[in-house]
Amino acid sequence: MEDSEDPSADVQYHIEVGEDDVANAVLLPGNPERVEKITQFWDSADEKAFHREYRTVTGDYDGTPISVTSTGIGSPSAAIAVEELARIGADTFVRVGSCGAIQPEMNVGDLVITTGGVRQEGTSDEYVREDYPAVADYEVVAALVAAAERLDYDYHTGITMSADSFYAGQGRPGFEGFLAEGGDELVSHLKAANVKNIEMEASAILTIANVYGLRAGAVCSVYANRETGEFRTEGEHRAAETASLAVKLLARMDEIKAEAGVDRWHPGLSLD
């Protein structure tokens, strides 16, 4: 029932899609407008639903079934998307977003492939104790790295910090110059700890996926470098293409694992 408030109904309450509407692997951008920028790289794309911030399209990328669902801004809405997509059969999630870099060698337009997250957002705290790590699935990381290499895109790998606030929570001045306690030192402390970038969804997606035994990762294009002050809306097409190719590579990795009779990808297997 499309109007049901039962979160376990066949058609999910928020995203308004059912089991036959999505592929096993789903890309998760924030902005619904980014969906078309992702699907431009696909061979086919069929919109399944568009409700609130959740826009879902399913199609084919070079022979591989693939879906995309926008999540809106922030971890609470991203968690809803992961929850409801998992309930209808999705098992692999790749956040495709934008971020602010905090290391000086990172350029606007570069990609950041997340290996783990600093859980400054509060959504994942609703699922598990605060010292539980937000870790990207290593198969997803490997596929994203392989995709970026094949596409010859500049990328970085490392730890991402996810915040619940674009302003105060990321050390930016709020209304009338308000600065949250510790905000003036936040970026410098993260930089010293070799954190690569700041965004708003990755750590919750990674945490929830791990709790449920699902695969998840994240690739973000650098829009701003907080260290150099440079800002440009650039590189989102690189993140979109890299994530799409990574889904194809993951599907091939799964085929090779099945042929070898193993459960997990390892360096002894060849990705041809």
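Annotation for Thr39 and Ala45: closest pair CB-CB, 3.9 Å, computed over non-hydrogen atoms. Across all their heavy atoms, Phe41 and Ala240 have their closest contact at CE1-CB, 3.9 Å. Scanning both residues, Leu250 and Ala143, for their nearest heavy atoms gives CG-CB, 3.6 Å. Taking both residues in full, the closest heavy atoms of Ala239 and Val219 are given as O-CG1, 3.9 Å, listed atom of the first, atom of the second, then distance. The minimum heavy-atom distance linking Ala243 with Leu144 is given by the pair CA-CD2, 4.0 Å. The heavy-atom pair separating Val35 from Pro29 by the smallest distance is CG2-CG, 4.3 Å.
Contact of the Asp110 side chain with the Tyr155 side chain is not registered, since no non-hydrogen atoms from C-beta on lie closer than 4.5 Å. Within the 4.5 Å cutoff, the side chain of Ile15 has no heavy atoms near those of the Asp21 side chain. Looking at Leu85 and Phe93, their side chains come closer than 4.5 Å, going by heavy atoms from C-beta outward. At a threshold of 4.5 Å between non-hydrogen side-chain atoms, the residues Ser67 and Leu27 do not count as touching. Side-chain contact between Asp164 and Ser75 is present, with heavy atoms from C-beta onward closer than 4.5 Å. In this structure, the side chains of Asn31 and Ser70 stay at 4.5 Å or more apart for every pair of heavy atoms. At least one side-chain heavy atom of Tyr132 sits less than 4.5 Å from a side-chain heavy atom of Asn210. Using a 4.5 Å heavy-atom threshold, the side chains of Val94 and Leu28 count as separate.
Using a distance-only test at 3.5 Å, with no hydrogens or angles considered, a donor-acceptor pair links the side chain of Glu199 to the main chain of Glu201. Of the possible polar contacts, one joining the Glu84 side chain to the His14 backbone as a donor-acceptor pair under 3.5 Å is found. Side chain of Lys196 to main chain of Val112: no donor-acceptor pair is present (N/O by atom type, distance under 3.5 Å, no hydrogens or angles). Side-chain atoms of Tyr138 come within 3.5 Å of backbone atoms of Trp265 as a donor-acceptor pair (strictly under, hydrogens ignored). The backbone N or O of Ala204 sits nowhere less than 3.5 Å from a side-chain atom of Ser124 that would complete a donor-acceptor pair. Using a distance-only test at 3.5 Å, with no hydrogens or angles considered, no donor-acceptor pair links the side chain of His51 to the main chain of Glu16. Remark: the backbone N or O of Trp42 is not paired with any side-chain donor or acceptor of Asp60 at under 3.5 angstrom. For Gln40 (side chain) and Lys37 (main-chain N/O), a donor-acceptor pair under 3.5 Å exists by modelled atom type.
Applying the 6.0 Å contact sphere to CD of Glu105 captures more than 12 heavy atoms from other residues, nucleotides or ligands. The number of heavy-atom neighbours closer than 6.0 Å to CG of Asp131, taken from other residues, nucleotides and ligands shown, is above 12. Within a 6.0 Å sphere centred on CD1 of Ile73, other residues, nucleotides and ligands contribute 12 heavy atoms or fewer. Heavy atoms from other residues, nucleotides or ligands lying under 6.0 Å from CZ of Arg129 number 12 at most. Atom OH of Tyr127 has more than 12 neighbouring heavy atoms from other residues, nucleotides or ligands inside a 6.0 Å radius. The number of heavy-atom neighbours closer than 6.0 Å to CD of Glu255, taken from other residues, nucleotides and ligands shown, is above 12. The environment of Asn194 atom CG is dense: over 12 non-hydrogen atoms of other residues, nucleotides or ligands sit within 6.0 angstrom. Residue Glu33 qualifies as open at atom CD: its count of foreign heavy atoms under 6.0 Å is 12 or below.
Residue Leu151 holds its CG atom at 12.0 Å from CG of Asp154, rounded to the nearest 0.5 Å. Here CZ of Arg226 is found 6.5 Å from CD of Gln170. Values are rounded to the nearest 0.5 Å. Between atom NZ of residue Lys48 and atom CG of residue Asp46 there is a gap of 4.0 Å, rounded to the nearest 0.5 Å. Note: Ile113 CD1 to Thr115 OG1 = 10.0 Å, rounded to the nearest 0.5 Å. Taken from CZ in Arg34 to NE2 in His237, the straight-line distance is 13.0 Å, to the nearest 0.5 Å. Of the inter-residue distances, the one linking Asp125 atom CG with Thr207 atom OG1 reads 8.5 Å to the nearest 0.5 angstrom.
Inspection of the Thr69 and Thr56 side chains reveals an N or O donor paired with an N or O acceptor under 3.5 Å. There is no side-chain donor-acceptor pair under 3.5 Å between Ser221 and Arg238. Using modelled atom types, one finds a donor on one side chain and an acceptor on the other under 3.5 Å when comparing Asn197 with Thr160. Under the 3.5 Å distance criterion, with hydrogens and angles disregarded, no donor-acceptor pair is assigned to the side chains of Gln12 and Tyr54.
No option in Ser165, Ser162, Ser203 other than Ser203 meets the side-chain hydrogen bond (donor to acceptor under 3.5 Å, both in side chains) test with Glu121.
Cluster note: Leu190 groups with Ile102, Val118, Ile159, Met161, Leu186, Val187, Val195, Ile198 through ILVMFWY side-chain heavy atoms spaced under 4.5 Å, whether in direct contact or through intervening members.
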Q: Could you walk me through whether Val247 and Thr92 pass side-chain contact (heavy atoms from CB on, under 4.5 Å), step by step?
A: CA-CA 9 Å; Val247 167; Thr92 300; 5.9 Å; no
Q: Applying side-chain contact (heavy atoms from CB on, under 4.5 Å), run through Ser188 and Glu185 and close with a yes or a no.
A: CA-CA 5 Å; Ser188 62; Glu185 300 177 332; 4.1 Å; yes
Q: Kindly determine whether Thr242 and Tyr153 satisfy side-chain contact (heavy atoms from CB on, under 4.5 Å), including the steps that lead there.
A: CA-CA 8 Å; Thr242 299; Tyr153 291 151; 3.4 Å; yes
Q: Check the pair Cys220, Thr114 against side-chain contact (heavy atoms from CB on, under 4.5 Å), reporting the backbone distance first and the verdict last.
A: CA-CA 8 Å; Cys220 290; Thr114 297; 5.7 Å; no
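The existence of a salt bridge linking Glu139 and Lys257 is confirmed by a sub-4.0 Å separation between a basic side-chain nitrogen and an acidic carboxylate oxygen. Using a 4.0 Å cut-off between charged side-chain N and carboxylate O, Glu36 and Arg55 make a salt bridge. Salt bridge absent: Asp10 and Arg87 never bring a charged side-chain N and a carboxylate O closer than 4.0 Å. A salt bridge links Asp254 and Arg215; the closest N-O separation between the charged side-chain nitrogens and carboxylate oxygens is under 4.0 Å.
Note on Val22 and Ile38: separate hydrophobic clusters, where clusters join Ile, Leu, Val, Met, Phe, Trp and Tyr whose side-chain heavy atoms are under 4.5 Å apart, directly or indirectly. No continuous path of hydrophobic side-chain contacts links Val57 to Val17 [ILVMFWY only; heavy atoms under 4.5 Å]. By the criterion of side-chain heavy atoms lying less than 4.5 angstrom apart, applied directly or through intervening Ile, Leu, Val, Met, Phe, Trp or Tyr residues, Val96 is not grouped with Tyr223; the two fall into different hydrophobic clusters. Leu179 and Phe166 are not part of a single hydrophobic cluster, where members link through side-chain heavy atoms under 4.5 Å apart. Hydrophobic clustering (ILVMFWY, side-chain heavy atoms < 4.5 Å, transitive): Ile205 and Ile88 are in one cluster.
By the side-chain contact (heavy atoms from CB on, under 4.5 Å) test, Asn225 pairs with Ala101, Met106, Glu227, Thr228, sequence neighbours left out.
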